[in-house]
Novice: 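I'd like to ask some things about the structure below.
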2 protein chains.
Amino acid sequence: MEQNDITAYLERKGVKPTANRILVLKTLKESDRPMCLSDLENELITMDKSSIFRVLTLFQEQEIVHTFEDGRGILNYELCTSTTICNLSDAHIHFYCESCQKSFCMDNIAIPDLQLQEGFIAHSISFVIKGTCPKCNKKLNQQ
Amino acid sequence: MEQNDITAYLERKGVKPTANRILVLKTLKESDRPMCLSDLENELITMDKSSIFRVLTLFQEQEIVHTFEDGRGILNYELCTSTTICNLSDAHIHFYCESCQKSFCMDNIAIPDLQLQEGFIAHSISFVIKGTCPKCNKKLNQQ
DNA sequence: GAAAAGAATACAACCCAGTTGCATTCCACA
DNA sequence: TGTGGAATGCAACTGGGTTGTATTCTTTTC
């Protein structure tokens with residue numbers, strides 16, 4: 001994605017496109033997997049942790065990213081890919097690899113209708129499967 | 001549940017039934033909901049946090065309790081109700097109330113078969129629905 | 001029944017992800 | 001070009017979880 005596109009996208013979302021915000025959005029876009037705060041810290045050595053955090057918080061408010069907890073209880077950030085992705089209806093499942101500590105999107109697994117007990121009202125869901133990813137399974141098998 | 005039953009249960013699980021361990025197990029048994037470390041801290045003022053933690057760790061190893069993260073990324077402890085509850089096959093969904101910060105078991109909602117992508121191997125699952133519980137919804141409606 | 005060995009516990013300190021206060025810098029607009 | 005508000009960096013804090021270690025308790029052995 002071009003710098004111009006990123007700028008335009010931020011503006012469309014009502015966010016002033018500062019250098020840092022462009023940087024964070026670009027990094028998230030270029031990553032094929034969700035990232036946590038420390039992932040971004042390691043990637044963006046020019047930015048302070050608190051600045052990254054505030055950008056991510058803003059992005060969340062403007063529904064540019066959404067979050068979920070991986071298997072360790074650590075927040076992961078992921079770009080919203082459509083206007084509706086943040087809604088309950090099309091939330092998706094994440095996979096957390098206990099070997100390499102990375103999170104993956106399981107876009108292809110649909111979450112079935114869940115019939116909650118009387119009185120419970122759902123706002124969001126967080127479905128995480130923990131295990132080992134293909135790469136790590138391969139490595140483990142070779143040993 | 002009687003003290004004797006608790007003692008016997010611990011012994012059956014290969015755990016020496018010390019006063020603290022009996023206390024923790026009793027507290028968990030008497031709670032109708034999963035508890036986190038600080039819940040137990042507040043309840044068991046005679047016990048140190050680290051002691052509770054070590055008892056819970058031991059209970060986990062002996063499959064007396066299992067854990068899951070609630071919506072805040074905080075570990076919750078819950079008694080294993082059968083010999084198989086800790087397996088992937090009969091894991092269940094939890095509900096986290098964002099209003100009162102309590103976790104609930106949704107025993108009655110079965111988790112459907114999940115077809116993972118090639119190469120991924122699941123060890124455990126953690127499905128949490130966030131929202132508001134019946135009690136809080138009632139309160140909110142009255143306002 | 002006392003001493004020795006080992007397990008359980010309390011206390012204190014630490015780790016780390018997340019968060020906040022505040023001073024400084026940047027930038028748009030007058 | 002000066003000014004006000006937004007954005008940022010730095011430092012410090014919070015809270016859940018965890019660990020090292022000294023002390024206490026329990027069990028074993030003689």
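All figures in this text were calculated on a predicted structure; none of them were measured in a lab. Proteins get letters first, then strands, A, B, ... in listed order; numbering begins at 1 in each. When reading the values below, keep in mind they use all heavy atoms of this one structure, side chains included, and skip hydrogens, waters and symmetry mates.
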Novice: Starting from the 5' end of DNA chain D, give me the residue, B/Arg54 or B/Asn76, whose nearest nucleotide shows up first.
Specialist: B/Asn76

Novice: Starting at CZ of B/Phe68 and ending at P of D/dG16, how long is that distance when rounded to a whole Å?
Specialist: 16 Å

Novice: Do B/His66 and B/Gln60 have side-chain atoms, one donor and one acceptor, less than 3.5 Å apart?
Specialist: no

Novice: Does the side chain of B/Asn20 get closer than 4.0 angstrom to OP1 or OP2 of D/dC25 through an N or O atom?
Specialist: no

Novice: Once you apply a heavy-atom cut-off of 4.0 Å, does A/Arg21 come out as touching a base, just sugar-phosphate, or nothing?
Specialist: sugar-phosphate

Novice: Measure the distance from CZ on B/Arg72 to P on D/dG16 and round it to the nearest whole Å.
Specialist: 8 Å

Novice: Can you check whether A/Met47 reaches A/Val55 side chain to side chain, under 4.5 Å on heavy atoms?
Specialist: yes

Novice: Whole angstrom is fine here: how far is it from CE in A/Met47 over to C1' in D/dA11?
Specialist: 17 Å

Novice: Quick check: do B/Pro34 and B/Phe68 have side-chain heavy atoms less than 4.5 Å from each other?
Specialist: yes

Novice: Have a look at A/Thr46 and say if it touches a base, only the backbone sugar-phosphate, or nothing, with a 4.0 Å heavy-atom cut-off.
Specialist: sugar-phosphate

Novice: Using atom CD1 of A/Ile52 as one end and atom C1' of C/dT20 as the other, report the distance to the nearest whole Å.
Specialist: 16 Å

Novice: Under 4.0 Å, heavy atoms only, any strand: does A/Lys16 hit a base, just the sugar-phosphate, or nothing?
Specialist: sugar-phosphate

Novice: Tell me the interatomic distance from A/Leu56, atom CG, to D/dA7, atom P, rounded to whole angstroms.
Specialist: 15 Å

Novice: Report the distance from atom CD of A/Glu41 to atom C1' of D/dG9, rounded to the nearest whole Å.
Specialist: 13 Å

Novice: Can you check whether A/Thr67 reaches A/Glu78 side chain to side chain, under 4.5 Å on heavy atoms?
Specialist: no

Novice: Establish, with yes or no, whether the OP1 or OP2 oxygen of D/dT18 is under 4.0 angstrom from a side-chain nitrogen or oxygen of B/Ser50.
Specialist: no

Novice: For the pair made of CG in A/Asp48 and C1' in D/dG9, what is the distance, rounded to whole Å?
Specialist: 5 Å

Novice: Identify, between B/Ala19 and B/Lys49, the residue whose nearest nucleotide on DNA chain C lies closer to the 5' end.
Specialist: B/Ala19

Novice: Within less than 4.0 Å of OP1 or OP2 of D/dA7, is there a side-chain N or O belonging to A/Thr18?
Specialist: no

Novice: What is the ring orientation for A/Phe120 with B/Phe104, classed by angle as parallel under 30°, tilted 30 to 60°, or perpendicular over 60°?
Specialist: perpendicular

Novice: Starting from C1' on D/dC10, measure out to CZ on A/Phe53 and report it in whole angstrom.
Specialist: 16 Å

Novice: Nearest to the B/Val55 side chain among C/dT9, D/dA7, D/dG17, which nucleotide is it?
Specialist: C/dT9

